[in-house]
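Scope of the values below: all heavy atoms of this structure, side chains included, with no hydrogens, waters or symmetry mates. The structure displayed is predicted, hence computed values, not measured ones.
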Amino acid sequence: MASKNASRALRSSLRQLSAPRIQQRTFAAAVSAARPAWQKAATPAFVQQSRGMKTVDFAGDKEVVYERDDWPRDKLLDYFKNDTLALIGYGSQGHGQGLNLRDNGLNVIIGVRKDGQSWKEAQQDGWVPGKNLFDVDEAIGKGTIIMNLLSDAAQSSTWPHIKPQLTKGKTLYFSHGFSPVFKDQTNVDVPNDIDVILVAPKGSGRTVRTLFREGRGINSSVAVFQDVTGKAEEKAIALGVAVGSGYLYKTTFEKEVYSDLYGERGCLMGGIHGMFLAQYEVLRERGHSPSEAFNETVEEATQSLYPLIGQNGMDYMYAACSTTARRGAIDWSARFKENLKPLFQELYESVKTGKETQRAMEYGSRSDYRQAFEKELEEIRGMEIWRAGKAVRSLRPENN
């Protein structure tokens with residue numbers, strides 16, 4: 001589908017991706033660096049700039065953005081010099097955020113079930129029992145900022161035990177608005193005498209860690225659920241930088257959880273997987289081979305087109321492809337939108353009303369959850385599309 005122009009653009013992009021990363025010092029520099037060479041300079045996005053805050057025009061909407069350059073390491077160390085950050089849970093986000101906090105030099109301790117799997121994984125990462133690795137109760141007792149990074153289901157089941165330990169003067173931190181927003185289902189009713197804040201990285205814990213180690217930083221949402229001290233927002237922004245964020249965008253707990261649940265069920269995971277399956281199955285039913293069906297459905301998308309869209313935008317992708325591809329893509333995108341938008345409306349309502357929360361809670365609370373999940377993963381692994389994909393990936397030059 002892609003023309004020679006697209007191939008050249010991809011090679012250029014890959015060279016840029018493989019080149020040594022130099023940290024962009026400002027949001028403006030990052031915007032400028034991302035602009036394709038052929039694209040005319042747009043009107044400057046900044047409406048206002050002051051220390052610690054930028055007001056940016058996003059397609060006509062003015063939003064506040066915070067960037068990590070306003071919180072250098074020395075400033076973070078001074079700001080949190082009297083704090084102990086007790087990170088509860090050592091899953092994907094706990095692992096990534098915890099290691100980044102430790103590398104930034106902050107006083108961070110891990111709280112997990114003693115001698116459980118997470119305890120062993122934390123030890124493998126260099127956390128030392130009795131020094132910065134404790135059971136949950138002891139960690140909460142030592143902590144001034146309690147970072148609850150347990151799974152959503154675990155946050156609910158452990159809340160009756162954790163809540164009494166969240167005494168006045170502590171701060172409660174989340175990376176997802178799920179538990180307090182849907183408190184009718186989760187029963188996570190936060191104490192009314194502590195600050196409650198959120199930093200939600202827009203990616204997995206692995207990505208949080210990887211981008212931090214590359215000297216970059218992940219985009220994150222930041223929000224305040226409850227401000228008792230008058231410093232909750234400032235504290236949230238500082239923590240956002242400390243855990244590895246490059247830029248932080250203001251939101252609310254409600255909007256964060258609505259958009260997150262909606263997005264991962266839609267374009268980020270569920271929707272895109274469903275679209276892959278539908279396209280692949282039609283190609284196979286019309287006589288195309290597994291390799292051809294996979295290459296035209298997944299391989300070209302993930303290895304060629306999606307990276308270019310992510311780097312330079314959809315308009316760049318349209319400009320870089322052939323006239324035939326361009327015409328068909330623009331025409332059919334309207335058809336897809338027309339047919340899919342009602343489904344997305346239904347999905348958003350399911351999130352907002354708590355239906356998705358209830359289903360997630362029931363599923364995550366099952367005693368056979370891990371076995372049931374593994375069975376579903378095994379079914380996905382066994383699908384022809386992904387078995388074909390494994391063979392295609394093995395043929396990539398970097399794997400030979």
Side-chain angles (χ1 to χ4, degrees), residues 1-15 17-18 36 204 262-348 350 356 359 363 371-400:
M1 170 198 149
S3 69
K4 292 181 180 179
N5 288 338
S7 298
R8 286 195 294 270
L10 175 60
R11 288 195 296 271
S12 174
S13 298
L14 291 175
R15 284 195 296 271
L17 289 171
S18 62
S204 71
Y262 173 74
E264 62 198 14
R265 284 155 175 75
C267 289
L268 301 181
M269 294 174 67
I272 200 167
H273 189 199
M275 188 171 67
F276 281 161
L277 293 175
Q279 177 166 309
Y280 180 90
E281 288 176 7
V282 168
L283 285 170
R284 292 288 288 126
E285 289 163 4
R286 297 301 180 105
H288 296 265
S289 68
S291 63
E292 184 173 54
F294 185 85
N295 279 322
E296 290 295 337
T297 298
V298 180
E299 190 75 352
E300 186 172 359
T302 59
Q303 298 301 298
S304 176
L305 307 188
Y306 290 175
L308 292 181
I309 296 169
Q311 188 174 45
N312 297 315
M314 197 71 211
D315 56 336
Y316 179 91
M317 190 63 258
Y318 280 141
C321 70
S322 69
T323 303
T324 301
R326 185 183 307 152
R327 182 69 269 141
I330 292 174
D331 289 346
W332 279 88
S333 67
R335 293 283 305 278
F336 276 108
K337 176 186 173 182
E338 177 185 346
N339 282 276
L340 288 174
K341 190 171 180 180
L343 185 61
F344 275 95
Q345 294 283 18
E346 180 183 340
L347 170 57
Y348 193 89
S350 186
E356 293 302 305
R359 176 161 170 72
Y363 182 67
Q371 296 93 320
F373 177 56
E374 181 56 35
K375 183 179 179 182
E376 289 178 313
L377 285 185
E378 190 59 37
E379 290 175 355
I380 292 172
R381 291 188 198 105
M383 290 178 177
E384 184 187 271
I385 182 175
W386 302 118
R387 288 189 284 113
K390 185 176 181 179
V392 170
R393 289 193 298 274
S394 72
L395 298 175
R396 291 178 189 165
E398 66 267 25
N399 293 329
N400 288 283

Out of curiosity, Glu356 CD to Ser350 OG, how far, rounded to the nearest 0.5 Å? 3.5 Å
Around Arg327, counting heavy atoms of other residues, nucleotides and ligands shown, do more than 12 lie under 6.0 Å from its CZ? yes
Applying salt bridge (Lys or Arg N to Asp or Glu O under 4.0 Å) to Arg393 and not counting sequence neighbours gives none
Sidechain-backbone polar pair: Arg284 side chain, His288 backbone, donor-acceptor under 3.5 Å: yes
How would you list, by chain and number, every residue that makes a salt bridge (Lys or Arg N to Asp or Glu O under 4.0 Å) with Arg381, sequence neighbours excluded? Glu374, Glu378
Between Glu384 and Tyr280, do the side chains contain an N or O donor and an N or O acceptor separated by less than 3.5 Å? yes
If you look at every heavy atom in Phe276 and Ile385, which pair is closest and at what distance? O-CD1, 4.0 Å
Sidechain-backbone polar pair: Ser394 side chain, Ala391 backbone, donor-acceptor under 3.5 Å: yes
What's the separation between atom NZ in Lys390 and atom CZ in Arg387, rounded to the nearest 0.5 Å? 10.5 Å
Are the side chains of Ser333 and Tyr318 in contact, using a 4.5 Å heavy-atom criterion? yes
For Tyr363, does the OH atom have more than 12 heavy-atom neighbours from other residues, nucleotides or ligands under 6.0 Å away? yes
Within a 6.0 Å radius of atom CE on Met269, are there more than 12 heavy atoms belonging to other residues, nucleotides or ligands? no
Could you give the distance from CG (Leu283) to OG1 (Thr297), rounded to the nearest 0.5 Å? 5.0 Å
Does a side-chain heavy-atom distance below 4.5 Å link Val298 with Gln279? no
Does atom CD of Glu346 have more than 12 heavy-atom neighbours from other groups under 6.0 Å away? no
Which is it for Leu340 and Met275 under the side-chain contact (heavy atoms from CB on, under 4.5 Å) test, yes or no, and what are the steps along the way? CA-CA 11 Å; Leu340 288 174; Met275 188 171 67; 5.6 Å; no
Beyond-backbone contact of Tyr306 with Ile272, side-chain heavy atoms, under 4.5 angstrom: yes
Of all heavy-atom pairs between Ala301 and Pro307, which one has the smallest distance, and what is that distance? O-CD, 3.7 Å
Less than 4.0 angstrom from a charged side-chain N to a carboxylate O is my criterion; do Arg335 and Asp331 meet it? no
Show the numbers, then the answer: is there a side-chain contact (heavy atoms from CB on, under 4.5 Å) between Leu305 and Met317? CA-CA 7 Å; Leu305 307 188; Met317 190 63 258; 3.6 Å; yes
Between the side chains of Ser289 and Ser291, does any donor sit under 3.5 Å from an acceptor? yes
In terms of heavy-atom contacts, Gly266 and Phe344 come closest through CA-CE2, 3.9 Å
Return the CD to CD distance between Glu292 and Glu299, rounded to the nearest 0.5 Å. 13.5 Å
Donor-acceptor pair, side chain of Arg265 and main chain of Gly270, under 3.5 angstrom: no
Can you tell me how far apart CD (Glu379) and NZ (Lys375) are? Round to the nearest 0.5 Å. 6.0 Å
Find the distance between CG (Asn295) and OG (Ser304) and round it off to the nearest 0.5 Å. 11.5 Å
Measuring only between side-chain heavy atoms, which start at C-beta, is Glu281 closer than 4.5 Å to Arg286? no
